[in-house]
Amino acid sequence: MAGIAVSTTINGDQAEFLCHPDETLLEVLRERLGLMGVKEGCGTGDCGACSIILDDRLVCSCLVLGAEAEGRRIATVEGMAQGDKLHPLQQKFLEHAALQCGICTPGFLIAAKDLLAKNPDPTEEEIRFGLAGNLCRCTGYDKIVRAVQDAASVMRGA
Amino acid sequence: MKRFTYTRAETVADAVAILADRPQAQFLAGGTNLVDLMKYDVERPDAIIDINSLPLKEIEELPDGGLRIGALASNSAVAYNAQIQARFPLLASAILAGASPQLRNAATTGGNLLQRTRCSYFYDPSTPCNKREPGSGCAAIGGLTRMHAILGASDKCIAVHPSDMCVALAALDATVEVVGPDSARDIAFGDFHRLPGDEPQRDNTLARDELVTGIRLEANRFAGHHTYLKLRDRLSYAFALVSVAAAMEIADGRIVDLRIALGGVAHRPWRDPLVEAEYAGAPAEDVTFQRVADRLLFEAKGLGGNDFKILLARKAIVRALRQAASGRPQSQTLKAIQ
């Protein structure tokens, strides 16, 4: 069977790939395009480790087919830093030690980026509600919440 | 996953025509329940028809004061829509009580109606399940029943419908718009989902060759007195043990119009319009609420592991009606039960 030809934009760059119908976007991003920041945790939409922003919507890439990416814009954790300069969320996750094993971290960063784009000054409750689709099994959530609060304050220029 | 072909439909007519040609095909919208079930080998379509390009995303006002929600409007788009929040806050609240941001962003209105039960035996192809494989038996009966039905179950299936959104739509008397190869029709929300009976493989009354295209909501006077109260094993991102969508219109301390639907207790959102009608005119106070609860739960039966749900449901109904009557709906972000 011929592959499906898909043309998309990833972190601002044009990208084209061929995939099978049954390949998820998560598989395409990791295995065909080498974007290893997108992690597979559960593969069924429960853990959020594979979170990406697809046309301005935070989604789990494990539940999207690669073929569905045609004509769409994708943002992954790889697009957050500018060269050597970390995104404020990345910097604050480091400073607050808001990670341990790190497999959930790219998903949290992308989810937090999406949250702050929609709500630059969230309350703690709103951060917890906004990050409810991302699971961390090492660190617990308090440090993550503090890191997001701190990054939000930096990003508001406060 | 079983191998399948992928086709993108560009129009509703196109989508329905492709489905008619492929008896094992399935429509793909948000994918948040279909793709995971395909990974579990529970759904095994040989063809996927991607309907995400269809023009069914709009939320539009109707001339009679109602709203029409396109079947492809995402759960987030509905929950954060200004018209929905102002005029149908019960619906917004129910949606925000469920799933996670990622899933609400992807999941669609039509797909939410069609999501399958989260019965863990249904999800496990190594166990018998009459819903997954008709005639194979039910491993849940005699198994772990904490999440299972207390109302309307059969000896073939005790699964519950998992949706929060649909519980609100049941209370709001929504209408489901569907299109088939030759005609379009409306299905009253109360007629859409079914009880398991002898055919638990059929979750609803949608015909095999039909596509859900939208939901209509009639104007109502419930915006001041409503709540969606969801009780679950943890406060976030879990399916309901019991949930209650309650709405009422109150004048001079008396109920003018009452709506109440339950989630997590049956194979479909559970509602009894006759009970609601009986309490029109009753004082909006605890004694009335307790009577409503007793009436709705009169035939409730536990299966051992879910016996607690009967008392939980009774208390949840009373609490939800109290929240609705007082005009203080349950917050879905600040999760303390009010």
Side-chain angles (χ1 to χ4, degrees), chain A residues 1-4 6 19-27 40 42-72 107-108 110-112 114-115 118-119 122-135 141, chain B residues 1-8 25-26 28-40 42 44-53 57 74-77 79-80 96-108 111 115 118 123 234-239 331-336:
Chain A
M1 170 192 315
I4 300 172
V6 178
C19 68
H20 293 295
D22 57 354
E23 272 179 77
T24 63
L25 184 53
L26 166 64
E27 289 169 319
E40 178 161 43
C42 63
T44 51
D46 298 305
C47 78
C50 66
S51 295
I52 59 167
I53 299 174
L54 184 63
D55 287 348
D56 304 318
R57 292 191 306 177
L58 180 74
V59 299
C60 292
S61 60
C62 71
L63 296 180
V64 179
L65 299 181
E68 290 183 72
E70 173 63 34
R72 307 182 67 178
F108 266 105
I110 276 289
D114 179 69
L115 169 69
K118 292 175 175 129
N119 181 0
T123 63
E124 174 167 348
E125 296 295 340
E126 287 167 342
I127 292 171
R128 289 182 186 274
F129 187 75
L131 299 181
N134 294 78
L135 301 184
Y141 300 104
Chain B
M1 263 194 279
K2 180 179 157 183
R3 280 288 172 97
F4 55 85
T5 61
Y6 173 87
T7 313
R8 192 175 298 119
Q26 294 246 32
L28 173 69
T32 56
N33 195 204
L34 177 59
V35 177
D36 70 325
L37 285 170
M38 287 165 64
K39 292 183 179 190
Y40 283 110
V42 173
R44 297 172 52 80
D46 65 4
I48 284 293
I49 307 165
D50 183 346
I51 58 170
N52 286 294
S53 305
K57 293 193 174 69
S74 74
N75 288 183
S76 295
Y80 294 115
L96 294 177
S100 68
Q102 285 89 334
L103 297 177
R104 291 190 297 266
N105 286 343
T108 63
Q115 66 178 307
R118 264 42 177 215
Y123 262 76
R234 58 179 184 197
L235 279 177
S236 172
Y237 198 13
F239 291 97
S331 162
Q332 304 304 350
T333 47
L334 261 169
K335 300 188 180 194

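This is a predicted model, so every value here is computed, not measured. Chain A is the first sequence line, chain B the second, and so forth, proteins listed ahead of strands; every chain is numbered from 1. Just the heavy atoms: all of them, side chains too, but no hydrogens, waters or symmetry mates, feed the values below.
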Just how far is it from atom [atom1] of [X] to atom [atom2] of [Y], taken to the nearest 0.5 Å?
X	Y	atom1	atom2	result
B/Tyr80	A/Lys118	OH	NZ	9.0 Å
B/Leu34	A/Leu63	CG	CG	10.0 Å
A/Arg57	B/Ser76	CZ	OG	8.0 Å

(request) Could you tell me which residues in residues 124-133 of chain A have at least one non-hydrogen atom under 4.5 Å from a non-hydrogen atom of chain B, sorted by residue number? (result) A/Glu125, A/Phe129, A/Gly130, A/Ala132, A/Gly133
Which atom pairs, donor and acceptor, lie under 3.5 Å between side-chain atoms of residues 47-55 of chain A and protein residues at least two apart or in another chain?
from: A/Ser51; atom 1: OG; to: A/Gly48; atom 2: O; distance (Å): 2.6
from: A/Ser51; atom 1: OG; to: B/Gln102; atom 2: NE2; distance (Å): 2.9
from: A/Asp55; atom 1: OD1; to: A/Arg73; atom 2: N; distance (Å): 2.7
from: A/Asp55; atom 1: OD2; to: A/Arg72; atom 2: NE; distance (Å): 3.2

(message) Check whether B/Lys39 reaches the backbone of A/Thr44 with its side chain - one donor and one acceptor, N or O, closer than 3.5 Å.
(response) no
(request) Look at B/Leu28, B/Leu37, B/Thr5 and state which one has the largest set of heavy-atom pairs under 4.5 Å with chain A. (result) B/Leu28
(request) Could you tell me which of B/Ser74, B/Ser100, B/Pro101, B/Ala99 has the largest number of non-hydrogen atom pairs under 4.5 Å with chain A? (result) B/Pro101
Which region of [X], side chain (C-beta onward) or backbone (N, CA, C, O), has a non-hydrogen atom less than 4.5 Å from a non-hydrogen atom of chain B, or is it both or neither?
X	result
A/Cys42	neither
A/Leu65	side chain
A/Ile4	side chain
A/Thr123	neither

(request) Please report the shortest heavy-atom distance between B/Ala106 and A/Val59, naming the atom on each side. (result) CB-CG1, 4.1 Å
(message) Taking side chain as everything from C-beta outward and backbone as N, CA, C, O, which of these in B/Tyr237 sits under 4.5 Å from a heavy atom of chain A? Side chain, backbone, both or neither.
(response) side chain
(message) Given heavy-atom pairs under 4.5 angstrom as the criterion, report whether the side chain, backbone, both or neither of B/Thr32 touches chain A.
(response) both
(message) Going by the rule side-chain hydrogen bond (donor to acceptor under 3.5 Å, both in side chains), which residues pair with B/Tyr6 if we only count those two or more places apart in sequence or in a different chain?
(response) B/Arg8, B/Asp50
(message) The criterion is side-chain hydrogen bond (donor to acceptor under 3.5 Å, both in side chains); which residues satisfy it with B/Arg3, sequence neighbours excluded?
(response) A/Asp22
